[in-house]
Peer 1: 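Pasting in a structure now, in structure tokens, and then I'll have a few things to ask.
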Amino acid sequence: MSKLDFGVMSVFAILMVIIGLIFTVQSSKSSKSFFEAGGQTPWWINGLSLFISYFSAATFVVWGSIAYRYGLVANAIQFTMCVSGFVTAIWIAARWKKTGAATAAEYLGERFGKSTKQYYSYMVLIYSLASTAAILYAVGKIVYVATPLSLEMCITLIGITIIIYTAGGGLWGVLATDVVQFVILSAAVIIIIPLALNQVGGMSAFVKKVPDHFFDPVNNEYNIGFMLAFFVYQVVYIAGNWSYVQRYTSVSSTRNAKKVAYLFSFLYLVAPFIWMLPPMIYRVMNPSLQGMEAEGAYMRLCQEILPAGLIGLVLSGMIAATASKANTTINTAAIIFAHDIYKDVFFKKATEKTQILVARIFTVLFGAGTIYLAILVPKAGGIVNVVLSTAAIAGGSLFGPVIYSLFSKRQTAFSLLFVSIVSLAVSLFFKTLGPSVLGLSLSRTQETVLGVGFPFLLLFLFEIYGYYTAKNIPYLQRGTGTTGAVANAEAARQNIFGVKVIAWSTVFVGFGITILGWIAENGRVAMGVGIIIVLAALSIIRKQRVASRRLPAGL
């Protein structure tokens with residue numbers, strides 16, 4: 001990498017920090033501002049944030065590795081996420097909004113009591129610690145492949161950057177950086193594809209040169225059974241992960257909550273075919289990568305085909321994508337600790353300003369913990385094993401019972417706790433002790449089926465028991481609005497300010513990409529992409545000025 005590439009990366013990193021700090025004053029005014037971004041954010045911002053924070057944890061390292069080795073299988077796996085998004089949009093997103101709760105923890109506490117809320121809060125914190133560590137490792141691995149820095153140093157520097165802007169800006173800071181990161185990432189990948197195809201002689205030549213079965217959607221390791229189980233898991237995760245529940249509850253209506261999930265699903269219908277094409281092309285260019293070397297396929301491709309400056313842009317896009325997942329999870333963890341543990345358990349009279357301060361301190365401490373664990377990921381078998389095994393073991397047991405309770409009047413505090421604890425213990429046993437005690441090692445499909453299927457089997461049994469014993473705990477449903485109107489002045493002010501920050505930041509990004517395309521060799525595609533970004537952002541700014549004039553005087 002050249003000095004120009006490092007300069008580009010530094011500029012975009014500084015931009016993310018500035019965006020987060022811009023929201024510091026606004027988010028400090030109240031806990032609702034810091035934790036909920038006013039409670040009525042635009043649905044398209046939440047949808048983009050959900051999308052980029054969802055796929056970013058593993059797209060370029062985990063799924064990129066699978067795409068390099070197996071081809072279209074990576075797209076098939078991600079198609080399950082598209083279908084799961086539609087299921088969430090149709091049946092689940094609006095139910096979260098109807099509860100009237102700002103967070104999943106609040107919902108659990110009001111419907112099932114303090115003990116249930118505290119158990120899930122502690123367990124989600126532990127799960128978030130592990131999942132965020134995997135995310136930091138993924139983005140650190142990308143930078144490590146492209147720079148002379150050590151893997152540990154890459155993880156540490158990126159982690160510190162994320163901590164700074166997440167601690168400052170609260171939820172609005174996370175949402176704004178997510179949208180800008182989406183723009184950077186999209187531009188970066190669009191620039192890569194034509195240059196990569198040119199290296200292998202075009203699309204038709206690429207299709208002819210791939211290995212046998214490269215375009216098969218399933219294989220022995222990722223078969224139909226795995227896809228079905230993974231689809232169920234994705235429904236549970238998209239609809240039940242506490243970070244994503246915020247995206248459905250912080251909009252203004254049930255209709256907009258559905259729109260968030262529909263936008264996510266549409267993007268996942270299209271994007272994977274674009275994201276996964278570069279590592280698939282690189283398989284033709286360099287088929288020699290073995291084992292965990294495949295985790296760096298994406299970045300190796302960039303180093304070989306991109307001129308100085310554009311490597312830094314693409315790397316910034318990849319960092320932005322994976323970082324967005326980390327900042328979302330860290331923000332949610334801070335909310336859980338400050339509101340659901342610090343205030344509810346230890347200091348019940350804590351003021352809003354104290355809660356915000358505690359959330360920021362916890363963000364720093366939690367971030368430091370994830371940096372440490374991220375450095376240990378290679379000792380756990382690599383990122384693919386960590387991400388998929390963590391999902392299989394914890395996803396169903398933590399999020400499945402909560403999602404199920406949105407539809408059932410017969411689940412109780414005991415049933416939710418029992419199902420979660422037992423299913424988690426069973427999955428952990430087969431993963432850690434099964435091979436030595438029973439001489440049984442579960443395949444990827446069996447591990448996923450067990451992690452997702454067993455909790456729902458137990459929930460179904462409790463449903464039958466509740467039917468015959470006349471258990472009936474009414475749904476928690478308070479917010480039933482169906483309009484998209486902003487209900488209060490403070491939320492309207494925050495929305496206008498937030499969109500303006502996003503739009504002007506996007507203008508800056510577009511100008512930067514245009515300049516890089518102008519000075520780079522073979523940079524015409526980059527120039528075109530940059531100009532389009534600038535024009536789109538200016539259009540949003542113009543619309544926001546019109547919206548500002550329509551607000552009541554003094555707002």
Peer 1: Could you check if a side-chain atom of Y233 sits within less than 4.5 angstrom of a side-chain atom of F399, using non-hydrogen atoms only?
Peer 2: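 The answer is no; the side chains never approach within 4.5 Å.
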
Peer 1: Going by heavy atoms in the side chains, are F231 and V83 under 4.5 Å from each other?
Peer 2: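 Yes. Closest side-chain heavy atoms under 4.5 Å.
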
Peer 1: Let me confirm one number: the CG-CZ distance from L269 to F86, rounded to the nearest 0.5 Å.
Peer 2: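 Result: 6.5 Å between the selected atoms.
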
Peer 1: Considering non-hydrogen atoms only, spot the tightest contact between L136 and G159 and give its length.
Peer 2: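 So the two residues come closest at CD2-CA, 4.0 Å.
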
Peer 1: Considering all heavy atoms of both residues, which atom of P279 and which atom of A67 are nearest to each other, and what is their separation?
Peer 2: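 Looking at all heavy atoms of both residues, the closest pair is CG-CB, 3.9 Å.
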
Peer 1: Distance-only, no hydrogens or angles: does the S265 side chain make a donor-acceptor pair with backbone N or O of C82 under 3.5 Å?
Peer 2: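 Yes: the side chain of S265 pairs with the backbone of C82.
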
Peer 1: Quick check for you: to the nearest 0.5 Å, what is the distance between T80 atom OG1 and M227 atom CE?
Peer 2: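 The OG1 atom of T80 sits 7.0 Å away from the CE atom of M227.
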
Peer 1: Is the backbone N or O of L195 less than 3.5 Å from a side-chain atom of Q199, with the two atoms forming a donor-acceptor pair by type?
Peer 2: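 No; judged by distance alone, with no hydrogens or angles, the pair does not exist.
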
Peer 1: When the ring planes of Y282 and Y68 are compared, do they come out parallel, tilted or perpendicular, using 30° and 60° as the limits?
Peer 2: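 Rings of Y282 and Y68: tilted, as their planes differ by 30° to 60°.
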
Peer 1: Test side-chain contact (heavy atoms from CB on, under 4.5 Å) on I519 and L4; report intermediate values, then the result.
Peer 2: CA-CA 11 Å; I519 65 177; L4 179 59; 3.9 Å; yes

Peer 1: To the closest 0.5 Å, what do you measure between CG (L535) and CD1 (I540)?
Peer 2: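 Those atoms lie 11.5 Å apart.
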
Peer 1: Between the side chain of R283 and the main-chain N/O of R69, is any donor-acceptor distance below 3.5 Å?
Peer 2: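 Side chain of R283 to backbone of R69: a pair is present.
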
Peer 1: Assess the residue pair F230 and Y222 against the criterion (ring-ring contact (aromatic ring centres under 6.0 Å, His included)); give the C-alpha distance rounded to whole Å, side-chain angles, the decisive distance to 0.1 Å, and a yes or no.
Peer 2: CA-CA 10 Å; F230 202 62; Y222 302 101; 8.7 Å; no

Peer 1: If every non-hydrogen atom of I155 is compared with every non-hydrogen atom of G140, which pair is closest and at what distance?
Peer 2: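 Smallest interatomic distance, heavy atoms only, reads CG1-CA, 4.0 Å.
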
Peer 1: Measuring only between side-chain heavy atoms, which start at C-beta, is P42 closer than 4.5 Å to V499?
Peer 2: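 They are in side-chain contact.
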
Peer 1: Before giving the answer on side-chain contact (heavy atoms from CB on, under 4.5 Å), spell out for V529 and T514 the whole-Å C-alpha distance, their side-chain angles and the decisive distance to 0.1 Å.
Peer 2: CA-CA 7 Å; V529 170; T514 303; over 6 Å; no

Peer 1: Would one find more than 12 heavy atoms of other residues, nucleotides or ligands at under 6.0 Å from atom CZ of F214?
Peer 2: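 Enclosed: over 12 neighbouring heavy atoms sit under 6.0 Å from CZ of F214.
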
Peer 1: At their closest point, which heavy atom of A537 faces which heavy atom of V507, and how far apart are they?
Peer 2: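 Residues A537 and V507, closest heavy atoms: CB-CG2, 3.4 Å.
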
Peer 1: What do the steps show when you test Y244 against Y248 for ring-ring contact (aromatic ring centres under 6.0 Å, His included), and what is the final call?
Peer 2: CA-CA 7 Å; Y244 307 142; Y248 312 129; 8.1 Å; no

Peer 1: As an exercise, state the distance from OG1 of T88 to OH of Y262, rounded to the nearest 0.5 Å.
Peer 2: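 Those atoms lie 10.5 Å apart.
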
Peer 1: Closest approach of A74 and M276, non-hydrogen atoms and distance?
Peer 2: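 Distance-wise, the nearest heavy atoms are CB-SD, 3.9 Å.
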
Peer 1: Tell me the closest heavy-atom pair linking G367 and T370, and the distance in Å.
Peer 2: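 So the two residues come closest at O-OG1, 2.6 Å.
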
Peer 1: Quick check for you: to the nearest 0.5 Å, what is the distance between I45 atom CD1 and I502 atom CD1?
Peer 2: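 These two atoms lie 3.5 Å from each other.
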
Peer 1: Quick one, I375 and L151 - any side-chain contact, counting heavy atoms below 4.5 Å?
Peer 2: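 No; the side chains remain at least 4.5 Å from each other.
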
Peer 1: Give the intermediate values and the outcome of side-chain contact (heavy atoms from CB on, under 4.5 Å) for residues V73 and I77.
Peer 2: CA-CA 6 Å; V73 168; I77 294 173; 4.0 Å; yes

Peer 1: Judged by atom type as modelled, is there a donor-acceptor pair below 3.5 Å linking the side chain of D216 to the main-chain atoms of V218?
Peer 2: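 Between the backbone of V218 and the side chain of D216 there is no qualifying donor-acceptor contact (under 3.5 Å).
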
Peer 1: Testing the 3.5 Å rule here: is there a donor-acceptor pair between the side chains of Y144 and E152?
Peer 2: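 Short answer, no.
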
Peer 1: Run Q246 and N241 through side-chain contact (heavy atoms from CB on, under 4.5 Å) and show every step you take.
Peer 2: CA-CA 9 Å; Q246 277 185 297; N241 184 293; over 6 Å; no

Peer 1: Just verifying a value: how many Å separate F273 CZ and I193 CD1, rounded to the nearest 0.5 Å?
Peer 2: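 Reported value, rounded in 0.5 Å steps: 12.5 Å.
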
Peer 1: When you compare the side chain of M153 with that of L157, does any pair of heavy atoms fall below 4.5 Å?
Peer 2: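 Yes, side chains in contact.
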
Peer 1: Taking A239's backbone N and O only, do any of them form a donor-acceptor pair with W96's side chain (distance below 3.5 Å, no angle check)?
Peer 2: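 Checking the backbone N and O of A239 against the side chain of W96, a donor-acceptor pair under 3.5 Å is found.
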
Peer 1: Flag yes if more than 12 heavy atoms outside K259 fall under 6.0 Å of its NZ atom; otherwise flag no.
Peer 2: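 Check passes, neighbour count above 12.
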
Peer 1: Is W91 close to V87 at the side-chain level, that is, under 4.5 Å between some pair of heavy atoms?
Peer 2: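 Yes, at least one pair of side-chain atoms sits under 4.5 Å.
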
Peer 1: Indicate yes or no: at least one non-hydrogen side-chain atom of T506 is less than 4.5 angstrom from one of V534.
Peer 2: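 Answer no - side chains too far apart.
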
Peer 1: Is a donor on one side and an acceptor on the other found under 3.5 Å between the side chain of N46 and the backbone of V260?
Peer 2: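 Between the backbone of V260 and the side chain of N46 there is no qualifying donor-acceptor contact (under 3.5 Å).
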
Peer 1: Taking the side chain as every heavy atom from C-beta outward, state whether S84 and F264 have any atom pair closer than 4.5 Å.
Peer 2: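 SC-SC contact between S84 and F264 ruled out.
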
Peer 1: Ignoring hydrogens and geometry, is there a side-chain-to-backbone donor-acceptor pair from S186 to V183 under 3.5 Å?
Peer 2: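 No, because the side chain of S186 does not come within donor-acceptor range (under 3.5 Å) of the backbone of V183.
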
Peer 1: What residue among V210, V284, V207 forms side-chain contact (heavy atoms from CB on, under 4.5 Å) with V200?
Peer 2: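 Running side-chain contact (heavy atoms from CB on, under 4.5 Å) over V210, V284, V207 with V200 returns exactly one hit, V284.
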
